[in-house]
Amino acid sequence: MHRGGVIRELKRRKLTEFQTKVLIATYSIPKGKTMTYKELAKKAGYPNAYRAVGSVMKMNPLAPTIPCHRVVKSDGTLGSYSAPGGTRKKAQLLKKERAKFG
DNA sequence: TTCCTGACGCTCG
DNA sequence: GCGAGCGCCAGGA
């Protein structure tokens with residue numbers, strides 16, 4: 001799905017501007033890379049809303065399209081994962097995308 | 001409309 | 001270096 005389509009979908013879901021921006025920012029994370037909640041919030045235009053970012057990830061209206069698993073904590077830990085499979089799956093997905101590490 | 005919660009982050013002890 | 005506590009913003013009941 002192209003970027004415009006994603007945005008249109010998000011708007012169609014009647015999401016707030018905040019949610020839309022955060023999700024778009026998440027969608028913009030390159031494959032094989034990760035971003036912290038703080039960085040993501042910053043990118044979305046809400047540098048201090050890193051707490052709310054987590055909530056948006058949890059809503060995740062476009063689960064398969066939005067790579068929410070690429071969002072990790074600043075500590076270096078993965079954080080959590082609401083989608084089926086949980087944090088375990090999140091780790092596997094990241095490992096898979098970073099195939100360079102095996 | 002008000003209060004509580006949450007996939008976090010930073011500071012203090 | 002580790003553990004506990006407070007603050008952050010937006011959503012939902």
Side-chain angles (χ1 to χ4, degrees):
Chain A
M1 185 184 289
H2 57 291
R3 184 187 168 90
V6 174
I7 297 173
R8 196 167 70 83
E9 271 302 307
L10 294 174
K11 290 195 172 184
R12 199 163 112 177
R13 309 267 169 159
K14 289 291 201 289
L15 297 175
T16 65
E17 192 176 321
F18 172 73
Q19 291 174 156
T20 306
K21 285 185 177 179
V22 171
L23 290 169
I24 290 172
T26 306
Y27 181 70
S28 70
I29 302 176
K31 182 181 178 183
K33 278 203 65 176
T34 58
M35 189 173 287
T36 65
Y37 289 91
K38 193 175 177 74
E39 283 297 311
L40 188 63
K42 188 177 179 181
K43 194 177 184 66
Y46 302 79
N48 299 321
Y50 45 79
R51 201 67 162 74
V53 167
S55 300
V56 177
M57 296 293 100
K58 186 171 146 187
M59 299 169 193
N60 202 7
L62 295 176
T65 307
I66 305 295
C68 52
H69 61 272
R70 290 181 195 153
V71 185
V72 298
K73 294 181 48 168
S74 298
D75 297 302
T77 57
L78 295 180
S80 206
Y81 196 57
S82 183
T87 309
R88 182 88 178 169
K89 184 70 178 179
K90 182 173 183 177
Q92 290 183 358
L93 287 170
L94 290 174
K95 192 172 182 181
K96 197 159 195 163
E97 289 193 357
R98 294 183 182 180
K100 56 178 66 172
F101 295 110

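Note that the structure is predicted; figures quoted are calculated from it, not measured. In what follows, chains carry the letters A, B, and so on, assigned in the order in which the sequence lines appear, proteins first and then strands, with residues in each chain numbered from 1.
Each of B:dG6, B:dG9, C:dG11 was ranked by its minimum atom distance to the side chain of A:Thr16; first place goes to C:dG11. Of the listed nucleotides (C:dG12, C:dC8, B:dA7), B:dA7 has the atom at the smallest distance from the side chain of A:Ser80. With distances taken from any side-chain atom of A:Ala52 to the nucleotides B:dG9, B:dG6, B:dA7, the minimum falls on B:dG6. Among C:dG11, C:dC8, B:dA7, the nucleotide with an atom closest to any side-chain atom of A:Asn48 is C:dC8.
Residue side chain A:Arg51 does not reach the base of C:dC9 through any donor-acceptor N/O pair under 3.5 Å, judged by distance alone.
One finds a salt bridge joining A:Lys21 and A:Glu17 here, because a Lys/Arg side-chain nitrogen approaches an Asp/Glu carboxylate oxygen to under 4.0 Å.
Between the P atom of C:dC8 and the OH atom of A:Tyr46 lies a distance of 18 Å, rounded to the nearest Å. Per the geometry, CE belonging to A:Met57 stands 13 Å off P belonging to C:dG11, to the nearest Å. Whole-Å rounding puts the A:Tyr50 OH to B:dC10 C1' distance at 7 Å. For the pair A:Lys89 NZ and B:dA7 P, the interatomic distance rounds to 21 Å; values are reported in whole Å. Separating the CG atom of A:Asn60 from the C1' atom of C:dG11 is a distance of 16 Å, rounded to the nearest angstrom. Between A:Lys38 atom NZ and B:dC10 atom C1' the separation is 8 Å, expressed in whole Å. In this entry the distance linking NZ of A:Lys73 with P of B:dA7 reads 11 Å, nearest Å. Rounded to an integer number of Å, the gap from A:Tyr37 OH to C:dC8 P is 21 Å.
Criterion: ILVMFWY side-chain heavy atoms under 4.5 Å apart, direct or through other members. Under it, A:Leu40 and A:Tyr81 are not part of a common hydrophobic cluster.
Results of the side-chain contact (heavy atoms from CB on, under 4.5 Å) test with A:Leu23 over A:Val53, A:Ile7, A:Leu15, A:Leu62 single out A:Leu15 as the only residue that passes.
Of the residues in residues 62-71 of chain A, A:Cys68 come within less than 4.0 Å of DNA chain B through at least one heavy atom, sorted by number.
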